[in-house]
Amino acid sequence: MQTITLTRPDDWHIHLRDGDYLPTTVSDVARQFGRAIVMPNLTPPVVTVPQALAYRDQILLNRPSGSNFQPLMTLYLTDQTRPSDIVAAAQSRDVYACKLYPAGATTNSDAGVGSIEALYPIFETMQQQQLPLLIHGEVTDTQIDIFDREQVFIDQYLIPIITTFPELKIVFEHITTQDAASFVAEQSANIAATITAHHLLYHRTHMLSGGMKPILFCLPILKRDTHQAALIRAATSGDPSFFLGTDSAPHPRSRKEDACGCAAGCYTAHAAIELYAEAFEQAGRLEYLEGFASHFGADFYGLPRHVDTITLEAMPWVPPKTIPFGPDELMPLRGGETIKWRLVQPEAGS
Ligand code: NCD
Ligand code: ZN
């Protein structure tokens, strides 16, 4: 049988939620990934180190027995963040980055930053403390077309931030455009980008033709096929500036199928590495999966690569259409449809 063995991968951008949702999200991420950068957009958001540590404890309580999965915590930047919060984060062994959400850009971003320029003293401290800045790179101006918000963000905000803080490590999260991919490729090694499996596998026509499909609605929104092609080229190029970040973002089915406004976010944690394998194989570049999934993110964050491996086998399977999600259910991406690759589970007791 055809198999792929990789150094154990990491997920550099995931939403695990909290409370009753953790048993599902944590067991899915822990099955395949060794570490994950955990997004702080809970309600209320994770803004201080003690909150991040309490959230980490909740995640660890839901870790399957025998798993060594490590949640890497982040703080949510707000207009109230102080330089002392950044110093405390940098000194903590469990906080690895801070996340910038422009206010109103996406799910649970109401507490996000109103004025990005007002955060410059915070970026200065992050640069000094060598704490990476993770950016949801979309402008929120309603005058700007939703399909253009990422590329406008580059000119309006990202270039000024990079120019002012050349030593600051920045991850341009879940990029969706050719503009973002070319921009990141031209920058120094301090600037990287994560790419999701769904942006590699789908474009906007998949979401919008034959009836709107809420399951594919996420932010930044899927773009046209030429942008998808640019993301595939970037992810499979072997350029270490691009690495895996699923942006797996579960919502209860009632919020996804809400006639008054579908929640943004795609759930891919149930089959993430398998979906990436499919995208890389379709591009004829399967041999580039390991760098993207298992090496480049660890190198960027200055963490050791894993020494253990995972194996995928060509064993088609069909994920369920719905999976339990606390008191609700959620609709995983590709539920009820065939996925070619399947993660080999370790034998019990091994
Ligand atoms: C994310 C969520 O649901 O928390 N949604 C999404 O569409 N990706 C937030 C985010 O990363 O934008
Ligand atoms: Zn996200």
Side-chain angles (χ1 to χ4, degrees), residues 10-19 21-22 24-25 28-29 33 36-46 55 59 71-77 96-113 132-140 146-147 149-150 153 170-177 180 192-202 204 206-207 212-223 231 243-258 261-269 272 275 297 325-326 328 330-333:
D10 300 302
D11 185 348
W12 301 100
H13 181 129
I14 195 168
H15 300 266
L16 296 177
R17 311 304 189 204
D18 57 359
Y21 296 148
L22 286 172
T24 303
T25 57
D28 277 347
V29 70
F33 295 112
I37 284 276
V38 179
M39 288 296 123
N41 64 331
L42 304 181
T43 16
V46 177
Y55 183 28
I59 295 167
L72 311 179
M73 308 314 291
T74 59
L75 295 190
Y76 186 120
L77 298 177
Y96 286 81
C98 295
K99 179 70 191 269
L100 168 64
Y101 287 104
T106 185
T107 308
N108 297 345
S109 63
D110 301 345
V113 171
L133 173 65
L134 315 183
I135 302 185
H136 182 109
E138 286 192 287
V139 292
T140 52
I146 189 166
F147 290 102
R149 288 181 180 183
E150 184 173 281
F153 186 89
I170 297 177
V171 185
F172 193 177
E173 296 284 11
H174 41 50
I175 59 167
T176 60
T177 57
T194 51
I195 305 181
T196 77
H198 45 287
H199 287 95
L200 294 176
L201 290 168
Y202 299 102
R204 66 188 185 186
H206 293 120
M207 175 177 60
M212 161 72 192
K213 296 176 193 64
I215 202 167
L216 288 178
F217 177 61
C218 64
L219 289 169
I221 197 160
L222 292 172
K223 308 295 191 300
L231 298 176
F243 45 82
L244 186 157
T246 61
D247 194 21
S248 179
H251 291 277
R253 182 175 189 166
S254 55
R255 288 290 298 115
K256 288 297 284 176
E257 294 183 338
D258 186 341
C262 161
C266 296
Y267 191 70
T268 52
L275 292 169
F325 189 47
D328 305 294
L330 75 85
M331 293 160 45
L333 200 87

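Indexing begins at 1, ligand by ligand and atom by atom, following the structure's order.
Atoms CG and CZ, from Leu330 and Arg255 in turn, are 14.0 Å apart once rounded to the nearest 0.5 Å. Here Leu244 contributes atom CG and Phe33 contributes atom CZ; the two are 5.0 Å apart, rounded to the nearest 0.5 Å.
Of all protein atoms, those of element N, O or S that lie under 2.8 Å from the Zn ion (ligand 2) number 3.
Within the 4.5 Å cutoff, side-chain heavy atoms of Tyr267 are placed close to those of Thr25.
The backbone N or O of Pro214 sits less than 3.5 Å from a side-chain atom of Lys256, completing a donor-acceptor pair. Between the side chain of His13 and the backbone N or O of Leu134 there is no donor-acceptor pair closer than 3.5 Å. One N or O on the side chain of Ser109 and one on the backbone of Gly104 form a donor-acceptor pair closer than 3.5 Å.
At a 4.0 Å heavy-atom cut-off, the residues surrounding ligand 1 are His13, His15, Arg17, Asn41, Thr106, Thr107, His136, His174, Cys218, Leu219, Asp247, Ala249, His251, Ala264, Gly265, listed by chain and number.
The cationic group of Arg253 does not satisfy the cation-pi geometry with Phe325, failing either the under 6.0 Å distance to the six-membered ring centre or the 45° limit from the ring axis.
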TODO: Determine, step by step, whether His199 and Leu222 satisfy the side-chain contact (heavy atoms from CB on, under 4.5 Å) criterion, reporting the C-alpha distance in whole Å, the side-chain angles of both residues, the deciding distance to 0.1 Å, and the verdict.
DONE: CA-CA 6 Å; His199 287 95; Leu222 292 172; 3.5 Å; yes
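Classified by interplanar angle (parallel below 30°, tilted 30° to 60°, perpendicular above 60°), the ring pair His174/His136 is perpendicular.
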